[in-house]
Engineer: 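After the structure tokens below, expect a handful of questions from me.
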Amino acid sequence: MKQSNEPRGEPSVRTLRVGEQVRHILSEILARGDVHDDTLAKHLVSVTEVRMSPDLRHATVFVKPLLGKDEEVVIKALRTNTAYLQREVATRVKMKYAAKLKFLADESFDEGSHIDTLLRSPKVARDLADGEEAEG
């Protein structure tokens with residue numbers, strides 16, 4: 001059996017490359033409006049990341065509607081159209097197996113804005129000012 005030189009949990013270059021390919025394909029399909037769904041037609045959806053499983057049979061697709069509006073409705077529409085999207089990805093990515101797509105909301109933007117809000121709070125600003133005085 002072939003030993004991998006990669007640390008456990010780290011995706012391989014191939015896994016990252018295929019994930020990026022799938023991301024581009026899904027972005028293109030959604031941007032062109034190829035999915036015949038009223039909800040998806042009304043929303044601009046960004047495919048922010050695609051994480052492939054090591055065997056490339058499963059893809060977790062992180063999406064964010066423009067301005068984060070109607071996120072749950074958009075995710076539901078994507079899940080409803082998963083079969084079509086899987087077929088399209090399978091025909092465009094030359095792989096042995098078609099990856100099963102799982103759509104999730106991308107929470108990283110929300111986490112980033114939450115951290116930014118915390119850093120700008122008066123209490124943190126006061127603590128940072130106290131630290132600067134102690135150093136000076």
Side-chain angles (χ1 to χ4, degrees):
M1 182 170 207
K2 183 181 168 188
Q3 282 287 338
S4 173
N5 293 337
E6 310 215 9
R8 287 197 175 266
E10 287 294 317
S12 69
V13 172
R14 180 170 184 242
T15 305
L16 293 171
R17 182 176 43 82
V18 172
E20 194 61 16
Q21 256 185 311
V22 172
R23 188 182 73 79
H24 280 280
I25 290 166
L26 289 171
S27 294
E28 182 181 317
I29 291 168
L30 293 171
R32 286 195 327 211
D34 291 350
V35 183
H36 301 293
D37 185 283
D38 292 338
T39 303
L40 296 176
K42 294 177 194 171
H43 294 85
L44 290 174
V45 180
S46 293
V47 180
T48 56
E49 183 182 1
V50 174
R51 291 184 192 156
M52 300 298 297
S53 65
D55 64 1
L56 303 177
R57 289 186 183 213
H58 300 276
T60 304
V61 182
F62 293 93
V63 295
K64 190 75 170 174
L66 188 64
L67 304 175
K69 289 173 59 175
D70 301 328
E71 194 169 83
E72 285 148 22
V73 175
V74 169
I75 297 287
K76 185 177 182 205
L78 287 167
R79 288 177 180 160
T80 302
N81 292 286
T82 298
Y84 170 76
L85 293 166
Q86 282 177 182
R87 242 186 344 270
E88 286 297 307
V89 168
T91 58
R92 297 181 195 196
V93 177
K94 306 297 182 224
M95 292 189 335
K96 192 172 186 176
Y97 301 101
K100 298 262 188 243
L101 303 177
K102 178 181 175 184
F103 293 95
L104 296 175
D106 188 348
E107 305 294 334
S108 62
F109 295 106
D110 298 334
E111 289 173 26
S113 63
H114 176 69
I115 290 170
D116 188 50
T117 303
L118 286 174
L119 290 174
R120 294 177 189 273
S121 73
K123 185 176 180 180
V124 172
R126 184 186 67 231
D127 289 347
L128 289 175
D130 290 345
E132 289 172 4
E133 290 173 10
E135 289 175 14

Engineer: Treat each ILVMFWY residue as a node, draw an edge where side-chain heavy atoms are under 4.5 Å apart, and state whether L16 and V22 are in one component.
Structural biologist: no
Engineer: Looking at D37 and L40, would you say the former's side chain and the latter's main chain have a donor-acceptor pair under 3.5 Å?
Structural biologist: yes
Engineer: Any side-chain heavy atom of E71 sitting closer than 4.5 Å to one from K64?
Structural biologist: yes
Engineer: Taking R92 first and then E88, would you say they form a salt bridge - that is, a charged N and a carboxylate O separated by under 4.0 Å?
Structural biologist: yes
Engineer: Name all residues meeting the side chain to side chain donor-acceptor pair (under 3.5 Å) criterion together with T15; count only those two or more places apart in sequence or in a different chain, and write none if there are none.
Structural biologist: S12
Engineer: Would you say CG of D38 has more than 12 non-hydrogen atoms from neighbouring residues, nucleotides or ligands within 6.0 angstrom?
Structural biologist: no
Engineer: If the condition is side chain to side chain donor-acceptor pair (under 3.5 Å), which residues does E20 pass it with, not counting sequence neighbours?
Structural biologist: R23, H24
Engineer: Out of curiosity, L85 CG to I25 CD1, how far, rounded to the nearest 0.5 Å?
Structural biologist: 11.0 Å
Engineer: For a 4.5 angstrom cut-off between non-hydrogen side-chain atoms, does V18 reach M95?
Structural biologist: yes
Engineer: Should side-chain heavy atoms under 4.5 Å link Ile, Leu, Val, Met, Phe, Trp and Tyr, which residues sit in the same cluster as L104?
Structural biologist: F62
Engineer: To the nearest 0.5 angstrom, please state how far the CG atom of N81 sits from the CD atom of Q86.
Structural biologist: 11.5 Å
Engineer: Under 4.5 Å between any side-chain heavy atoms of L101 and L26, yes or no?
Structural biologist: yes
Engineer: Are V47 and Y84 linked, directly or through intermediate hydrophobic residues, by side-chain heavy-atom contacts shorter than 4.5 Å (ILVMFWY only)?
Structural biologist: yes
Engineer: Starting at OG1 of T91, measure out to CZ of R87 and round the result to the nearest 0.5 Å.
Structural biologist: 9.0 Å
Engineer: Side chains of L66 and H43, heavy atoms from C-beta outward: is any pair under 4.5 Å?
Structural biologist: no
Engineer: Rounded to the nearest 0.5 Å, what separation is found between the CG atom of L56 and the OH atom of Y97?
Structural biologist: 11.0 Å
Engineer: To the nearest 0.5 Å, tell me how far T39 OG1 sits from I75 CD1.
Structural biologist: 12.0 Å
Engineer: Quick check for you: to the nearest 0.5 Å, what is the distance between D106 atom CG and E49 atom CD?
Structural biologist: 7.0 Å
Engineer: Would T48 and V63 count as a side chain to side chain contact (heavy atoms under 4.5 Å, CB included) here? Give the steps.
Structural biologist: CA-CA 6 Å; T48 56; V63 295; over 6 Å; no
Engineer: Does R79, at its CZ atom, have more than 12 non-hydrogen atoms belonging to other residues, nucleotides or ligands within less than 6.0 Å?
Structural biologist: yes
Engineer: Please say yes or no: joined through hydrophobic side-chain contacts below 4.5 Å, possibly via intermediate residues, are L44 and V35 part of one cluster?
Structural biologist: no
Engineer: Output, in order, the C-alpha distance, side-chain angles, deciding distance and verdict of salt bridge (charged side-chain N to carboxylate O under 4.0 Å, His left out) for K76 and E72.
Structural biologist: CA-CA 6 Å; K76 185 177 182 205; E72 285 148 22; over 6 Å; no
